[in-house]
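See below for the structure under consideration.
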Amino acid sequence: MPELPEVEVVRRGLADHVLDRKITEVTVAHPRAVRRHVEGAADFAARLIGRTISGARRRGKYLWLELDAADEGEDAVLAHLGMSGQMLIAEAGRADETHLRVRMRFADAGPELRFVDQRTFGGLSVHPLIQAHGGGLVPAPVAHIARDPMDPAFDLDEAVAGLRRRRTGLKRALLDQTVVSGIGNIYADEALWRARLHGSRPTEGLTRGQGRAVLGAAAAVMAEALTAGGTSFDALYVNVNGASGYFDRALAVYGQADRPCPRCGTPIRRDPFMNRSSYTCPRCQPRPRNPHP
DNA sequence: AATGAGGCCTGGTTGC
DNA sequence: TGCAACCAGGCCTCAT
């Protein structure tokens, strides 16, 4: 499940393999993969052919490749990996993946870029770069996405204030990409556990200290995941596929139902949450008396 | 305006 | 054994 650390690993891989390369051929194998490019697959391809990739950027879970320049109004290829999306660098001639959705070939005839996505929640599209609401030059659909904790311009106190302005449960607020971006279900649960807070705690009752604790924990756990994920892929495998090495060893609560809490030994509990699951330690993270539903 | 629920997807797993 | 139900979950759309 690509969240911020996984997407950052992909971004770094793309920066290593596709920068300064000129696109000469684009194939869209599945129209759904470019559904957010409203002008259609043919237009998507036409806008890329002849362009040179000049930057690999990321905000939260969104990733984009700048084309030719990084000025306002210039285009970028926006990628969202969704649940199962992968960006792969593949030697030309290697067999197609079962769920290959988009292929890009380059003028240098070197390795091609493939977007592979089993569940097609993700996709690619081309957009002009605009000023984001919170600052920075981003593709238009990313304008409403908040800065993430790894952004040098991330403002922790502003993010805490954003959390406390919400009228909802803390975990819902953490997953809301307009308050702070990059956090998904896995790192939300890990951050809440580290901060010893329950996700159904109402945001309006959150102290500034608690807000800093949970966002600080989110930044820390994602930084650790990035370190782990950044070491476990070979040169041509851009996607680390969920930081597989990290998942096994370092997750304290996510997916650990009935296993002992690493801090106190109490069995971790799994509860339904928004058509998915939340994992908590019932002792370290007691449910508040006034839980947000 | 802000919040929350539903829907989109497919392969692996679980249960009858 | 075979098949159906369930599960993973980010994000967009729509309703309240």
Side-chain angles (χ1 to χ4, degrees), chain A residues 1-8 10-11 28-38 58-64 78-87 97-102 115-125 127 132-133 138-146 148 161-192 199-206 218 222 225 239 241-244 247-248 251 253-258 268-279 291-293:
Chain A
M1 323 310 159
E3 301 182 27
L4 186 153
E6 293 74 36
V7 179
E8 174 61 15
V10 174
R11 189 201 66 76
V28 177
H30 196 306
R32 185 173 152 78
V34 295
R35 68 193 179 285
R36 293 195 181 91
H37 190 86
V38 294
R58 181 190 56 75
R59 177 166 289 191
K61 303 168 197 169
Y62 284 91
L63 175 70
W64 63 93
L78 179 62
H80 200 290
L81 304 180
M83 288 283 299
S84 52
Q86 298 174 294
M87 293 286 235
E97 292 75 9
T98 304
H99 303 293
L100 174 67
R101 307 307 190 194
V102 177
F115 177 68
V116 176
D117 189 4
Q118 178 209 113
R119 278 178 264 186
T120 64
F121 275 26
L124 307 183
S125 47
H127 308 276
H133 300 160
V138 303
V142 185
H144 68 290
I145 300 294
D148 61 70
L163 280 183
R164 297 174 77 235
R165 273 196 298 270
R166 301 298 307 274
R167 294 294 177 264
T168 185
L170 177 55
K171 182 169 175 180
R172 283 178 183 276
L174 291 175
L175 296 176
D176 181 342
Q177 305 296 304
T178 69
V179 179
V180 52
S181 69
I183 303 174
N185 200 42
I186 296 170
Y187 297 115
D189 278 1
E190 293 297 309
L192 288 163
S200 61
R201 185 182 278 264
T203 47
E204 55 265 46
L206 201 68
M222 290 195 293
N239 187 314
N241 200 14
S244 52
F247 268 42
D248 295 321
L251 292 180
V253 289
Y254 181 82
Q256 308 297 310
D258 301 324
I268 297 300
R269 179 187 158 110
R270 172 185 175 275
D271 292 296
F273 171 79
M274 292 172 73
N275 284 329
R276 40 188 68 92
S277 297
S278 281
Y279 297 89
H292 193 281

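Per chain, numbering begins at 1; letters A, B, ... match sequence-line order.
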(message) Under 4.0 Å, heavy atoms only, any strand: does Arg35(A) hit a base, just the sugar-phosphate, or nothing?
(response) nothing
(request) Would you mind classifying the nucleic acid contact of Ser84(A) as base, sugar-phosphate or nothing, using non-hydrogen atoms under 4.0 angstrom? (result) nothing
Between protein and nucleic acid, restricted to nucleotides 12-16 of chain C and to nitrogen or oxygen atoms under 3.5 Å apart, what atom pairs and distances do you find?
unit_1	atom_1	unit_2	atom_2	d
dC12(C)	OP1	Tyr62(A)	OH	2.5

Which whole-number value in Å describes the distance from [X] [atom1] to [N] [atom2]?
{"X": "Leu124(A)", "N": "dG10(C)", "atom1": "CG", "atom2": "P", "answer": "19 Å"}
{"X": "Leu175(A)", "N": "dA2(B)", "atom1": "CG", "atom2": "C1'", "answer": "17 Å"}
{"X": "Gln86(A)", "N": "dC9(B)", "atom1": "CD", "atom2": "C1'", "answer": "15 Å"}
{"X": "Glu3(A)", "N": "dA8(C)", "atom1": "CD", "atom2": "P", "answer": "14 Å"}
{"X": "Phe115(A)", "N": "dC9(B)", "atom1": "CZ", "atom2": "C1'", "answer": "12 Å"}

(request) Quick one: pull up CG in Asp189(A) and CZ in Phe273(A) and give me the separation to the nearest 0.5 Å. (result) 8.5 Å
Short heteroatom pairs, N/O only, protein and nucleotides 3-7 of chain B, under 3.5 Å:
unit_1	atom_1	unit_2	atom_2	d
dT3(B)	OP1	Arg167(A)	N	2.8
dT3(B)	OP2	Arg166(A)	NE	2.6
dT3(B)	OP2	Arg166(A)	NH2	3.1
dG4(B)	OP1	His292(A)	NE2	3.0
dG4(B)	OP2	Thr168(A)	OG1	2.6
dA5(B)	OP2	Arg172(A)	NH2	2.9

(message) Checking contacts here: which listed nucleotide (dT10(B), dC9(B), dC7(C)) is nearest the side-chain heavy atoms of His99(A)?
(response) dT10(B)
(request) Would you indicate which nucleotide in dC9(B), dG11(B), dA8(C) comes nearest to any side-chain atom of Thr120(A)? (result) dC9(B)
(request) Before accepting this row, confirm whether a basic side-chain N of the pair Asp258(A)/Arg270(A) lies closer than 4.0 Å to the acidic partner's carboxylate O. (result) no
(message) If I compare all heavy atoms of Gly85(A) with all of Phe115(A), which pair ends up nearest, and what's the gap?
(response) CA-CE1, 4.2 Å
(request) With axes from five pairs an end, tell me the bend angle of the helix from dA2(B)-dT16(C) to dC16(B)-dG2(C), nearest 10°. (result) 50°
